[in-house]
**Student:** 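Here's a structure for you.
All residue numbers in this chain count up from 1 along the given sequence.
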Amino acid sequence: MSTPDLLLALGGAAALLAAILPELLAGRPLSLPLVYLLAGMLLFALPIGLPDPDPIAHRVALEHVTELCVVISLMGAGLAINRRTGPRGWSSTWRLLGLAMPLTVAGVAAAAVALLGWPIGAALLLGAVLAPTDPVLASDVHVGEPVDAENADDEVRFALTSEAGLNDGLAFPIVYAAIGVATVAGAGWLGEWALVDVLYRTVVGAVAGLLIGRLLGRLFFRARSDGLRLSERRDGFVALAATFLAYGATELIHGYGFIAVFVTACTIRRAEHGHGYNNVLHGFVEQVERLLTAWLLLLLGGFAATGGLAALTWRGAAVGVLLLLVIRPLTGWLAQWRGPAGPRERLAISFFGIRGIGSLFYLAYALGEADFGVPAEELWAVAGFTVLASVVLHGVTATPVMARVDAIRDRRSGARGR
């Protein structure tokens, strides 16, 4: 049997299912990522000659594929957000980014040191890798299609979408800090890290995204020439052009491309908030994201089925469980204290700190930059287990929990309307 032909056949079947399954799974306590994960485990357990999905042997390929998936997802998230950017409307977001994220990093790092005995660099890396809420796998708890009303996004979906849109980029400074700890003796790296990795690259990412978004928004919607006004032509693939342009241009000037892509998407959306072209762009990006996610989750399932978790100990599993059931829920709850979300909304926002493709990207990237004093197999086992556990836990609970949140909000709206 030809391996390339087999891979093409399986890739085509996965793509077809990516189009069919969302409707079949709608309203059921079973998410699309969970189905693909289970399918990947089954496929790679069969004696059909599939190649071993080893993240160490294929680190470079994994880094770039996950990077592509994340940036496309960030564009989709930014285009879907209906709420105008501001300090009050985005209060939940700033709280999650400014408080919950660093506290999560600290909690995971402390758990890795206490339970696993890892050196500080490796523990900090694990915290950075597992801290961001994933923009790829959290579609069941994210905002949906772009709509005209700016107040259409409920607080739970808005907070999780906007958090995921920004914290993937903001995890990079912590990854660089872990690399600095692992490679440089003493604290001599701190000054350059604070000025370059934290300040310069973050500001450049935000400013570049704003400028590129404004330029593209003007081109899409307000160009004087009909041939340049792309919103009149309904080409959805232009969303990929905007994604790659924002990401590539920002990375060329050493800014954070993840931040730039999300800011670009939000800025394009604000250029003509109610224009139908936003739906065209978002719909195309969502389809590409769904396709890439399907393939990556099949590989993740294969990673588990072919012994990828062999290096996992009960202590490593405990770190992942602590993150999902204690650290993230607790830090998320504390960060939103006296915020705009109600008590039940705070619970949902805190619980759905979904880990996924972004974590795989950051780990693949960091392991190409430094030796952290911990076997790569063990790092991959702990991170992979946490992502797998998140897919299962949040995949089963997302539909019933969000249905409950929606029902409570509808009852409140009905009571106010009477």
Side-chain angles (χ1 to χ4, degrees), residues 33 63-83 85 90 93 96-97 101 128-129 131-146 153 157-173 175 201-202 204-214 216-217 236-251 255-271 278 281-293 296 353-362 364-365:
E63 176 187 336
H64 292 306
V65 173
T66 52
E67 180 181 31
L68 177 63
C69 189
V70 171
V71 296
I72 290 174
S73 177
L74 291 172
M75 175 60 67
L79 288 171
I81 289 179
N82 300 299
R83 192 176 300 186
T85 308
W90 285 50
T93 311
L96 290 169
L97 296 174
M101 185 175 177
V129 163
T133 298
D134 193 67
V136 182
L137 301 186
S139 59
D140 288 338
V141 295
H142 275 192
V143 297
E145 293 288 329
D153 299 337
R157 290 183 174 87
F158 169 77
L160 291 169
T161 305
S162 55
E163 179 199 13
L166 287 170
N167 68 4
D168 258 313
L170 294 176
F172 247 125
V175 172
R201 289 179 173 175
T202 302
V204 168
V207 172
L210 183 64
L211 293 177
I212 294 172
R214 286 184 175 178
L216 293 179
F237 69 85
V238 173
L240 289 184
T243 303
F244 298 152
L245 176 61
Y247 187 75
T250 305
E251 290 289 326
Y256 289 132
F258 285 174
I259 294 176
V261 170
F262 183 72
V263 174
T264 295
C266 293
T267 307
I268 291 173
R269 179 69 200 282
R270 299 311 312 175
N278 292 308
L281 296 174
H282 178 267
F284 186 88
V285 167
E286 186 180 40
Q287 291 172 0
V288 176
E289 175 194 340
R290 199 188 312 162
L291 182 62
L292 290 174
T293 302
L296 283 170
I354 298 174
R355 272 55 192 166
I357 305 302
S359 297
L360 305 182
F361 163 74
Y362 276 119
Y365 173 83

**Student:** Let me see the working for Thr133 and Met101 under side-chain contact (heavy atoms from CB on, under 4.5 Å), right down to the final yes or no.
**Tutor:** CA-CA 9 Å; Thr133 298; Met101 185 175 177; over 6 Å; no

**Student:** How close do Gly205 and Ile259 get, counting heavy atoms only, and between which atoms?
**Tutor:**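 Looks like C-CG2, 3.9 Å.
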
**Student:** Scan Leu97, Ile81, Leu96 and name whichever one has a side-chain contact (heavy atoms from CB on, under 4.5 Å) with Trp90.
**Tutor:** Ile81

**Student:** Indicate yes or no for a side-chain donor-acceptor contact from Ser73 to the backbone of Cys69 under 3.5 Å, with no hydrogens or angles considered.
**Tutor:**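 Not confirmed, Ser73 side chain does not pair with Cys69 backbone.
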
**Student:** List in chain and number order the residues that pass ring pair (Phe, Tyr, Trp, His ring centres under 6.0 Å) with Phe262, two or more places apart in sequence or in another chain; answer none if no residue qualifies.
**Tutor:** none

**Student:** Looking only at heavy atoms, what is the nearest atom pair of Val263 and Thr267, with distance?
**Tutor:**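 That would be O-OG1, 2.7 Å.
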
**Student:** Looking at Leu74, Leu210, Ile212, which one forms a side-chain contact (heavy atoms from CB on, under 4.5 Å) with Thr264?
**Tutor:**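 The option that passes is Ile212.
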
**Student:** Looking at Ile357, is its backbone amide N or carbonyl O close enough to the side chain of Asp134 to form a donor-acceptor pair, meaning the two atoms are under 3.5 Å apart?
**Tutor:**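 Answer holds: yes.
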
**Student:** Taking all non-hydrogen atoms of both residues, which atom of Ile268 and which atom of Ala242 are closest, and how far apart?
**Tutor:** CD1-CB, 4.1 Å

**Student:** Once the angle between the rings of Phe237 and Phe284 is folded into 0 to 90°, is it parallel (under 30°), tilted (30 to 60°) or perpendicular (over 60°)?
**Tutor:**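 Phe237 vs Phe284 ring planes: perpendicular.
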
**Student:** Which heavy-atom pair separates Ala239 from Val285 by the least distance, and what is that distance?
**Tutor:**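 Here Ala239 and Val285 meet closest at CB-CG2, 3.1 Å.
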
**Student:** Which residues pass the side-chain hydrogen bond (donor to acceptor under 3.5 Å, both in side chains) test with Ser162, sequence neighbours left out?
**Tutor:**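 Applying side-chain hydrogen bond (donor to acceptor under 3.5 Å, both in side chains) to Ser162 gives Thr93.
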
**Student:** Partners of Glu63 by side-chain contact (heavy atoms from CB on, under 4.5 Å), sequence neighbours excluded?
**Tutor:** Arg59, Phe361, Ala364, Tyr365

**Student:** If you look at every heavy atom in Leu281 and Leu79, which pair is closest and at what distance?
**Tutor:**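 Looking at all heavy atoms of both residues, the closest pair is CB-CD1, 3.8 Å.
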
**Student:** Mind checking whether Asn82 and Arg269 have side chains closer than 4.5 Å, heavy atoms only?
**Tutor:**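 Yes, their side chains come closer than 4.5 Å.
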
**Student:** If you compare all heavy atoms of Ala260 against all heavy atoms of Thr250, which two are closest, and at what distance to 0.1 Å?
**Tutor:**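 Shortest heavy-atom contact: CB-OG1, 3.1 Å.
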
